[in-house]
Amino acid sequence: MERKAIWPTLQRYFLYFLLYSVLGWIYEVFLEVVVYRWGFTNRGVLFGPYCPVYGVGALAFLTCFHRLMAKKEPRWLRLVKPFLIFLGCMAVATGIELVTSYILEALTGSWPWQTYVDYGINFQGRIALSPSVRFGLGGVFFLYILQPLFERMVGAMSGRCRQTVFFITAGLMLLDCICTWAF
């Protein structure tokens with residue numbers, strides 16, 4: 001990739017990261033308030049309305065599966081590809097959740113989401129089969145439905161607009177990181 005093309009690509013991927021992080025936060029809050037009826041708490045590790053682990057997961061999906069998504073296949077294989085994407089997203093997201101739980105436990109003494117000890121199939125209460133299946137389904141939804149929409153949305157922005165949004169949101173997220181870890 002040419003040096004000039006790296007900067008706009010970095011901006012686009014950061015905006016994808018931010019969009020998925022905000023959607024992840026909305027999903028977590030929805031589960032907490034509407035589905036489980038626990039009441040509202042900020043589900044992210046930062047002050048802002050975003051869960052960066054969802055952004056990391058979505059970027060990992062894009063990185064791992066973009067070639068498979070773009071590949072033209074025979075008609076009979078079109079039914080198999082979404083299942084392969086599902087299994088891949090399930091594995092990648094579960095791995096990210098497991099690693100993130102260890103990192104956050106090392107940094108803060110715990111991980112900020114519920115444990116999965118009450119789930120039938122779990123590992124150390126950090127990961128479980130049921131959420132892993134949801135991660136796989138979510139990954140398929142991200143890659144087949146949301147990502148094309150986000151690509152059109154970010155692609156419609158002028159270079160100057162994209163750069164402005166990038167600097168403002170990256171600055172706010174950096175300030176949020178500093179404030180979160182300082183307090």
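Residues take their numbers from the sequence shown, with the count starting at 1.
The environment of CD1 in Ile121 is sparse: at most 12 heavy-atom neighbours from other residues, nucleotides or ligands sit within 6.0 Å. The 12-atom threshold is exceeded at CZ of Phe167, counting heavy atoms of other residues, nucleotides or ligands nearer than 6.0 Å.
Looking at heavy atoms from C-beta onward, Leu129 lies out of side-chain contact with Tyr119 at the 4.5 angstrom threshold. Annotation: side chain of Arg162 is in contact with side chain of Val154 (closest heavy-atom distance under 4.5 Å). You'll find the side chain of Val140 stays beyond 4.5 Å of the side chain of Phe83, heavy atoms only. Using a 4.5 Å heavy-atom cutoff, the side chains of Glu97 and Thr100 are not in contact. By the 4.5 Å heavy-atom criterion applied to side chains, Met69 and Gln147 are not counted as neighbours. With a 4.5 Å cut-off on side-chain heavy atoms, Tyr27 and Arg134 count as touching.
Across every non-hydrogen atom of Ser132 and Ala128, the tightest pair is OG-O, 2.8 Å. For the pair Glu28 and Cys51, the tightest heavy-atom approach, listed with the atom from each and the gap, is CG-SG, 4.2 Å. Across Gly24 and Tyr54, no two heavy atoms sit closer than the pair CA-CG, 3.4 Å. Annotation for Gly57 and Ile96: closest pair CA-CD1, 3.7 Å, computed over non-hydrogen atoms. Closest non-hydrogen pair, Cys89 versus Gly139, comes out as SG-CA, 3.7 Å. Nearest heavy atom pair, residue Phe65 against residue Val92, reads CZ-CG2, 4.0 Å.
Phe14 and Ile168 are assigned to two separate hydrophobic clusters, defined by single-linkage of ILVMFWY side chains at heavy-atom distances under 4.5 Å. By the criterion of side-chain heavy atoms lying less than 4.5 angstrom apart, applied directly or through intervening Ile, Leu, Val, Met, Phe, Trp or Tyr residues, Tyr20 is grouped together with Phe30 in one hydrophobic cluster. In the hydrophobic clustering of ILVMFWY residues, with side-chain heavy atoms under 4.5 Å counting as a link, Tyr144 and Leu137 come out together. Under the 4.5 Å side-chain heavy-atom criterion for Ile, Leu, Val, Met, Phe, Trp and Tyr, Leu59 and Ile145 are members of the same hydrophobic cluster. Val56 and Leu107 fall into different hydrophobic clusters, where Ile, Leu, Val, Met, Phe, Trp and Tyr are joined by side-chain heavy atoms under 4.5 Å apart, directly or via other members.
No donor-acceptor pair closer than 3.5 Å links the side chain of Thr94 to the backbone N or O of Ala91.
One finds the OG atom of Ser21 at 11.0 Å from the CG atom of Leu15 (value rounded to the nearest 0.5 Å). Here the CZ atom belonging to Arg126 is positioned 8.0 Å from the CZ atom belonging to Phe123, to the nearest 0.5 angstrom. Tyr13 OH to Leu62 CG: the interatomic distance, rounded to the nearest 0.5 Å, is 5.5 Å. Taking CZ of Phe61 as the start and CD1 of Ile85 as the end, the distance is 10.0 Å to the nearest 0.5 Å. Atom CG of residue Leu172 and atom CG of residue Asp176 lie 8.5 Å apart, to the nearest 0.5 angstrom. To the nearest 0.5 Å, atom CZ of residue Phe135 and atom OG of residue Ser130 are 9.5 Å apart.
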Next item on the list: Please report the C-alpha distance between Tyr16 and Phe142 in whole Å, then the side-chain angles of each, then the deciding distance to 0.1 Å, and finally whether the side chain to side chain contact (heavy atoms under 4.5 Å, CB included) criterion is met.
Entry: CA-CA 11 Å; Tyr16 299 153; Phe142 282 178; over 6 Å; no
Next item on the list: Any chance you could lay out the side chain to side chain contact (heavy atoms under 4.5 Å, CB included) test for Phe150 and Leu23, step after step, and finish with the verdict?
Entry: CA-CA 12 Å; Phe150 288 171; Leu23 283 177; 3.5 Å; yes
